[in-house]
Each structure stands twice: as C-alpha cells, then as structure tokens.
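Presented below is the structure to which this report refers.
A, B, ... follow the sequence lines: proteins, then strands. Residue 1 opens every chain.
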Amino acid sequence: MQVEGRFGPDLQNKESFVSSAVSPPDVQPALQPSLTVAAGTTPRAALEAAGVDLNGPSGAVVVRDSAGVLRDLDVPLDAADEVRPVAIDSPEGLAVLRHSTAHVMAQAVQELFPETQLGIGPPVENGFYYDFLPQRPFTPEDLGVIEKKMTEIIKAAQRFSRRAVSDDDARIELKDEKFKLELIGLKGNANASGNHTPTELDAEEASQVGGGQLTMYDNLNRDGSLAWTDLCRGPHLPTTRRIPAFKLMRTAAAYWRGDQANEQLQRIYGTAWPSKEALKNYLSQLEEAAKRDHRKLGAELDLFSFPDELGSGLAVFHPKGGVLRKEMEDYSRRRHEESGYEFVNTPHISKQTLFETSGHLPYYADAMFPPMEFEGSNYYLKAMNCPMHNLIFRARGRSYRELPLRLFEFGSVYRYEKSGVVHGLTRVRGMTQDDSHIYCAKEQMGGELKNLLDFVIDLLRDYGLDDFYLELSTRDDSPKFIGDPAEWEEATEALREAAVQSGLKLVPDPGGAAYYGPKISVQARDAIGRTWQMSTIQVDFQQPKRFGLEYTGADGERHQPVMIHRALFGSVERFIGVLTEHYAGAFPAWLSPVQVIAIPVTDEQTDYLFEIANKLKAKRIRVEVDSSSDRMQKKIRTAQQSKVPFMLIAGAQDQDNGAVSFRYRDGEQRNGVPVEQAVEEIAAFVARRANHSPSVADFG
RNA sequence: GCCGCCUUAGCUCAGUCGGCAGAGCGUCUCACUCGUAAUGAGAAGGUCUAGGGUUCGAUUCCCUAAGGCGGCUCCA
C-alpha cells in the first residue's frame, strides 16, 4: 500500500509533467497468474519452474505475496505462499528498478567521494533521486563520472542481498551515517507512539527503513565479497545487471526531511527504464515538453517578455500577446455577462487597515510587497481582491432579492513571491486574476456551487481544455484553520456534492484548505498529459463576519451572506502560459494573434491580396500581407513558423480567376477558392471558436 | 529565502590559458519576380549583465549585486 502511495496522487500536485505521457494513467497491467512457492524456497525457483521470463524488458524482478507485500526473488519464504510475478515494466517493477538504480548511484558516489554521507534515495515519478552530504557540492562534470562508475557496477552484476538486523546492530554498522541513524531513531519513535507523531516517517523515508524489522541490503560481487551496503526496506532487483538503461539528469539541493530548518543536502536525480528504447522515448518526450515551454515560445512568437528593468516575475505583453490576452478576456467577459455577473473595478493599492479587517495581515505580510508610508498611513499593493469586493457589497444595505450577488473583476494583484520560485508566466509577482466573489444566502450555497462548477468547466472547455479532475481541499486538525467546525462541515459537504454531481474524478486533499474555508480546485490535463491547477472555488465564512456583511432577508431580519471566492483562469498570465504549452504555440484560430497571412507569389499580386485583406478586416479578421522582398517559399516558411492558422496565397492564375489558394497550418492546401468564399470560410471558422487547427477536411 | 549552475549582437551560441570580440538566424540596402518550409550580394549592430578588487592591462581571475536556469522550501 505504501508503495502505491508513492506513485499515486501525491505526486500529481506538482507540475511535474511527462509522467502521464509516458505511462497513461489508469492503465492496469495484465494480472499475472499466481504461483505456489514452497516453504524455505525462493520465488525465483517457482518462477523458473513455471517458465516465467526473468530477464527481458517485461521480465519479473520481484514478486507480490498473498499479503500484497513485494518480495525479492532470491530470499526464501518462511512459509508456503501464493505469489504473483511483478514485471520490470509494471508500475511497481519500475519503482523497484529505479530504487535499485538509486542504490547503485549511491554506491558509485561513495566510491568516488568516500567522505560522502547518505540521505535517502527513493524512486519517484519516472526516476529516482538520492540525497547526499558531500564534502563539496556536485558539479555537472561529476555526473558523467558517476554515471561511468555506475555502469561499471551494473556490468559487475552485483547481487542485492537482504539481511535482517536489529536496531542496535544497525546503529553500530551505520555509526558514520548520521542521517541513517536519525531514520532508525524515527522508526523507533513511530513504533513506540503509534500513528501521527510529529516525527512520523513519510513514504519516501519509509522506503529506507520500513515500519518493523530493519534490513540491510548488501551489494555482493560475484566472488561473494561485499561491495557496498545500505539500510533499506527493499525489495530490490536480483542483481545490478538487471538495470538496462539509466541516465543521471541533474543535481539539486534539498533540505533533509524536506524541512527548511534542516541541513541542505545535495540531491542527484536520475531516470531508469526497462530498455534503452524506453529511455530514449522518455528523453525525447522531455525534449517535446521543452519545445512547448511557454517561456521559449513567448519569445519566439513575440508574445511577452520579462524585462530585467522591471524586476523578477513582472511580465510585459507585446502586441501579439496583447491580442491573445484581449481575445481571452473578451470571451470570458461575455460569458460572465451571460451568467449573471456584475462587473466592478477596484484600485491596486489600499491602506493597511483594509487588510487588517480582512485578516490577511499580519499572516500574509511577508507575501505582500512592503508597504509605502504616505500621509501618515501605510499603503499596500493588493495581493487579493476580496476585501475590496466586500466593501462594494457593504457600500449600501443589501436585500435578499439581490442574492446571489456575483461581483467580477479582472483584478491585478501583486505578491512578493520568493526569488527562487518565480517561473515564467506560471509564477509571477504581478498578475491579473479573473476574480469573482459571490455573496449568497446559506440556503443558496449548494445550488450556487453546482452552477458555478458547471460554468467553470464549461468555460475551460471553450478554451480547449477538456480533460479534468477535481481536488477537494479540506481542513485537518491543524490550528491554522479558523472558524466553526460545523460551518466547515456544511461548506465541505456542499462542495463535495457539487463535485460529485459534476461526474468528474475527485481526489481528496486533506489539510490543503485555505485557513478560512475549504475549496475545490480544477486540475486540467494538457495536450501532452501534464496537469495544471486551474480554477479554484472556495467557501469563506470568515470575511463576511470580519467585514460585518449582511443582508435583509424576506423575514425582515438581518443575515450574514456566505461568500464564495473563485478564479477560473487562476490568473490571466498563468492561463496564457498553460494554453501556450497546451497548443505548443499553435493557438486556435479565434485566439491567434494573426489569423491570416497573405502571401503573393510575385509582387504583382500584392495589391490584389491587400484588397482581400481589407475584406477580411471588414469581418474583424486579423490579417497581414507579407509584402517583404523575400521569395514566396521563404514567406511560407516564415508564416509556418509563426504558426498562423491560415495562409492565403495568390499567383497570377488565382488573380485572373478572382480566387485565392489556402495553405493550412498542417501544410495541406486548397487551390483556386473564390475570394468571397474564402473570406466567408475564414470568418465562419473563427466565429465558431473551433479549437483545432483548420484543415482541408473542415471545408471540403 | 536556500544550494548549484549560467549571463558575450534583437535571438541561438562560439571565443579570448589576461593583450582593443566571432558565426548563424533576424534587421537594413541592392539585385532577382519566383506556385506551397530558407535566392544571392553587401551593410549596420556588442562599454562581453552591473559595481568593486587584483593587474602595466580584465569580457576572461576574485568579491558583491541583479537577472536567468534546475531543484528544495513556499504558493492565501
């Protein structure tokens, strides 16, 4: 169970991608037949007797016993049992492969850098890492040297040999490994005091020591001599020879046990695969992902940049990025208008007292830009819009007849993100949220949340994202969560109901709520399977209280409204980043900064194309005529690289016929289309907001 | 914020073991007028991220800062 946990949803909240591209989610490996292992014999013997493959790219590397525990092939079972082989290319087999490769890497590191202390070395999505405390940090050149040493170890076909040890013996054996000693101590604590101690091991640490009997894994040379040893729960590959393909990827720093207060270790990440080909595929998928990087495409397509003069995490949008942004916003505004939202505007700065009222200060002061002192008051750049929307609600008495009151704003906020976390458009210091706050009566909350979730999903689909799952973030018993538990319960249930009703997969996220209320977040998978957190919907009982928000009910009494926060894009910047990567820069025609490029075969057709361009412009199509002195082929290449959906090409023949020729983004062409028809086709395609690239098949 | 690496023309990158810097693409000019992914020739373009230090001399070595990249931590 713990093994599954390590590769399950807990990894999905990171924006680590490629995973699902490599191994599609929810694919179950074919169930292996079970085999009987006699008491005192090894699983290997049973597998060999049954003719199970133990060497190929799908060969078995460990077995799963009847209790669900993974076991080494060469460790005899105490009692007879039914086991199933676990193939190296199954999710669990891959984890074993990667964990064993991590051991080989640690062995190589300690051989090359004998003073190096060991941290932990678990498998992770697509690979593994091992944390070290070396004499000096690793350099990129070190990786090559370590890889070479690893190859030697793999060629030596060292056996992974399991050996049980007592805690005391382990302490003696590992007296020079302070981090391992700490893990042994933690394991002891966890056993003594049961669950949920503050020092509880996480899944990755548990893979080192396990919960009960400690075990060591000895790497034995073919002559039986000891090459290396590590404290480890196992299981492992039979021998290092069973590692078909690996590569060290990068070095990084990581805090011991993930805590900023602890010592910082040097981490090396690697990847390992059941075949050279699988490794190659993985690496080319990484390349594909790199090609889609919105930071790179943003520069290439002239969409946006991050001038140093502005400071880290502050983007400027160029004209082409501006068009994209405007189209996105325009459509969003229209949909909000149709769905009963009212548009408001609020300033970017405010006196300190507002954020005191809202409760954001002092909790979030260090995530806000420092205040400016002015006329005896401290002014803050706003990091959130909600307090200002609350003031709008409170500006006059409110009636139940006005509820739900839905206030919407493209609100710019500024957050003082730490320097190390700023990343392209997805993590910035200045952003515009498509922010909305909905005030409703408690009785309306359930229905409002359902409608809201439908609206959100529907709108995301219109932008071409169509693969979603939801995350329900709830409170745990941490003291950071404030408010009445009954209210939490009610809001959580309302969110859960809305989520269930949506029919989407729901992943629980206990403890992940905001301090003031539970939330649903919508995760979207992009074109190459990476998941991104998009929209969030949050229930808040706190701010209405703090701001004293109330409305007069049908009963003539004053009531406190429920407040729902929601942002759909998250931020406009981030959404543009995600869409850029989703479409690899080849945006849907309706969002494309330039929708049509007209290319004359010779200069003779330039004026003719300008006339056609005018007809398109009359239909609000964004069109450019390439009247440069380049040759036609070059213009086509340039247009292709700019990823415009439509190229219109005209030569003398087209001009004589009052026609024009199409070249679509996929390189397909359609010649001799009458001008009026061509204009209509383009305008119609853009108007219907199709998200796929236009091609011949669309216009038959 | 922490650790490591990086910063040379608009972009991608060479290069100088310390002696006034180079390519391709892009830009501009001229010629070519061509039917679906690069016509040819020429020109312009750099205080080598910034500040300080060492040195006869620093883009190169050292220090500091800024920005970027990869992680960690964080993400209301």
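At a cut-off of 3.5 angstrom, counting only N and O atoms as typed in the model, there is no donor on one side facing an acceptor on the other between the side-chain of A/T139 and the base of B/G4. A donor N or O paired with an acceptor N or O is not found under 3.5 Å between the base of B/G68 and the side-chain atoms of A/D308.
Toward the 5' end of RNA chain B, the nearer of the two residues A/K418 and A/R637, judged by each one's closest nucleotide, is A/K418. Along RNA chain B, the nucleotide nearest to A/A652 and the one nearest to A/R427 differ in position, and the one closer to the 5' end is contacted by A/A652.
Distance A/R295 CZ to B/C11 C1': 17 Å, rounded to the nearest Å. The distance from atom NZ of A/K296 to atom P of B/G10 is 19 Å, rounded to the nearest whole Å. A straight line from CG of A/L265 to P of B/C3 spans 13 Å, rounded to a whole angstrom. If you take OH of A/Y416 and C1' of B/A76, they are 18 Å apart, rounded to a whole angstrom. Put simply, OH on A/Y364 is 14 Å from P on B/C74, counting in whole angstrom units. Atoms CD1 (A/I599) and C1' (B/C34) sit 13 Å apart, rounded to a whole Å. Rounded to an integer number of Å, the gap from CG of A/D509 to P of B/A76 is 10 Å. In this structure, A/Q264 places its CD atom 13 Å from C1' of B/G70, rounding to the nearest Å.
Closest approach to the A/Q653 side chain among B/G71, B/G35, B/A76 is made by B/G35 (side chain taken as heavy atoms from C-beta onward). Residue A/A367 places its side chain closer to B/A76 than to any other of B/A76, B/U39, B/C2. Nearest to the side chain of A/Y255, among B/G1, B/G26, B/G35, sits B/G1. Relative to the side chain of A/S419, the nucleotides B/G70, B/A76, B/G1 differ in distance, and B/G1 lies closest. Of all nucleotides listed (B/A31, B/C34, B/A76), B/A76 comes nearest to the side chain of A/Y516.
Taking the side-chain contact (heavy atoms from CB on, under 4.5 Å) definition, one finds that A/Y255 meets it with A/Q260, A/Q264, sequence neighbours left out.
Annotation: cation-pi pair A/R267/A/Y129 present, NZ/CZ under 6.0 Å from the ring centroid and within 45° of its normal.
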Dot-bracket encoding per residue of RNA chain B, Watson-Crick/G-U cut-off under 3.5 Å, | denoting interstrand: (((((((..((((.....[..)))).(((((.......))))).....(((((..]....))))))))))))....
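In this structure a side-chain-to-backbone donor-acceptor pair under 3.5 Å is present from A/K635 to A/D626.
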